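Everything below concerns the one structure shown next.
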Amino acid sequence: MRRSTQAPCRGPSEERQVLGFEIDTVNSVQFSNHTGYAHWKGQVLNSDELHELYEGLKLNHVNKYDYVLTGYMRDKSFLAMVVDIVRELKQQNPRLVYVCDPVMGDKWDGEGSMYVPEDLLPVYKEKVVPVADIITPNQFEAELLTGRKIHSQEEALAVMDMLHSMGPDTVVITSSDLPSPRGSDYLIALGSQRIWKPDGSMVTERICMEMHKVDAVFVGTGDLFAAMLLAWTHKHPNNLKVACEKTVSAMYHVLQRTIKCAKAQAGEGRRPSSAQLELRMVQSKKDIENPEIIIQATVL
């Protein structure tokens, strides 16, 4: 089974259940809707409340997991408590895989900004990333974690090596503003995986993917990416290329279906609203289960 703390949007647990995972979900925030809407109401879970939930699991001896996935979090103490729980779970099961989407911010028009409190950054750098096995930052988050700017593919590879040195064996920069040879309509993602051989030696696989941009603002794509990557790396543990191709291709199908439905609801010539752009997860069940590979990864 797998425990997950999730972003304030619908969907991230659904595709993992479709792919055969039993899930215990803890909402790091309980919001009326995701924060892409003009208004939202709700509560942020604090560390004491998280600890109480975990103690309940411990008392019933059901705190046994193979995976932990975390995403959007806004409270520093909550984030530190997550690290304590992950460490305890790893003591029980040394093979547990912790997948961390370090949700902190993004770039708009080339300028990066954080949309969580800044005091979360040192906790991510000093406590979270060192215990993570897989991390899925965007370019801005990778730059924050390493203190290095990315202007080229070579610099991106160097940043991923720095992130490897901090702990995780698998690093995927889910989006970047690096120029694509295919033109400005394409987005580049990069991945790097350290694979340990039985003799103790290590090889690193690096990949690059180019994805066609969609002219819309979606909320929850980072959650979807991390959840799908967890599922497909479970099925292809030493083949980052295949895992990422299935992850990104499934996302492509979900987003294409979402934008098509959203435009139909909005009407010709009108931009879809946040409600109309909610990811069409249920309608994309077959694509999540068995995605047609639309996007090929290049081994670097």
Side-chain angles (χ1 to χ4, degrees), residues 6-19 33-37 69 71-72 99 101 103 105-109 115 136-141 172-178 180 182-191 207-233 241-298:
Q6 296 181 7
C9 57
R10 293 180 287 175
S13 65
E14 295 167 358
E15 75 283 348
R16 301 192 299 272
Q17 290 170 314
V18 165
L19 288 167
N33 44 269
H34 66 64
T35 56
Y37 286 82
L69 169 62
Y72 180 84
V99 182
D101 182 10
V103 181
D106 208 344
K107 289 188 176 185
W108 289 271
D109 298 322
Y115 42 64
T136 59
N138 58 36
Q139 178 180 333
F140 177 64
E141 290 158 348
V172 179
I173 297 178
T174 57
S175 63
S176 74
D177 56 13
L178 294 176
S180 166
R182 301 175 71 178
S184 59
D185 289 338
Y186 285 82
L187 187 71
I188 286 183
L190 295 154
I207 62 163
C208 176
M209 295 168 289
E210 296 178 70
M211 303 162 284
H212 199 279
K213 294 178 182 176
V214 180
D215 185 22
V217 177
F218 300 102
V219 175
T221 52
D223 304 287
L224 177 59
F225 189 101
M228 293 293 293
L229 185 66
L230 186 159
W232 290 117
T233 52
K241 180 179 186 294
V242 170
C244 283
E245 286 175 345
K246 290 188 176 183
T247 296
V248 174
S249 294
M251 287 190 62
Y252 172 87
H253 295 300
V254 172
L255 295 183
Q256 288 299 318
R257 181 171 288 106
T258 299
I259 193 65
K260 180 179 179 181
C261 293
K263 286 182 175 179
Q265 289 181 351
E268 189 174 352
R270 296 182 179 178
R271 288 192 74 84
S273 67
S274 294
Q276 292 162 342
L277 287 169
E278 290 276 10
L279 298 180
R280 299 309 198 273
M281 302 296 298
V282 174
Q283 299 89 331
S284 303
K285 177 177 179 290
K286 290 184 179 179
D287 291 317
I288 290 168
E289 288 178 311
N290 187 27
E292 178 187 356
I293 303 302
I294 299 296
I295 298 164
Q296 300 278 350
T298 301

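As the structure is a prediction and not an experimental result, all values here were calculated from the model.
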Side-chain donor or acceptor of [X] paired with backbone N/O of [Y] under 3.5 Å:
| X | Y | result |
| --- | --- | --- |
| E141 | N138 | yes |
| S273 | Q276 | yes |
| S176 | Q139 | no |
| T258 | L277 | no |
| H253 | S284 | no |

Fill in: Closest non-hydrogen atom pair, G36 against S274
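So the two residues come closest at O-OG, 3.1 Å.
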Could you tell me if the side chain of [Y] sits less than 4.5 Å from the side chain of [X], heavy atoms only?
| X | Y | result |
| --- | --- | --- |
| Y252 | M211 | no |
| W232 | V242 | no |
| E292 | D287 | no |

Response to the item:
Between the CD atom in E245 and the CD1 atom in I207, the distance rounded to the nearest 0.5 Å is 7.5 Å
Worksheet, complete the sentence: So CE of M209 and OG of S180: to nearest 0.5 Å the spacing works out to 12.5 Å
Please set out all donor-acceptor pairs under 3.5 angstrom arising from side-chain atoms of residues 212-221, sequence neighbours excluded.
residue	atom	partner	partner atom	Å
K213	NZ	S184	O	3.1

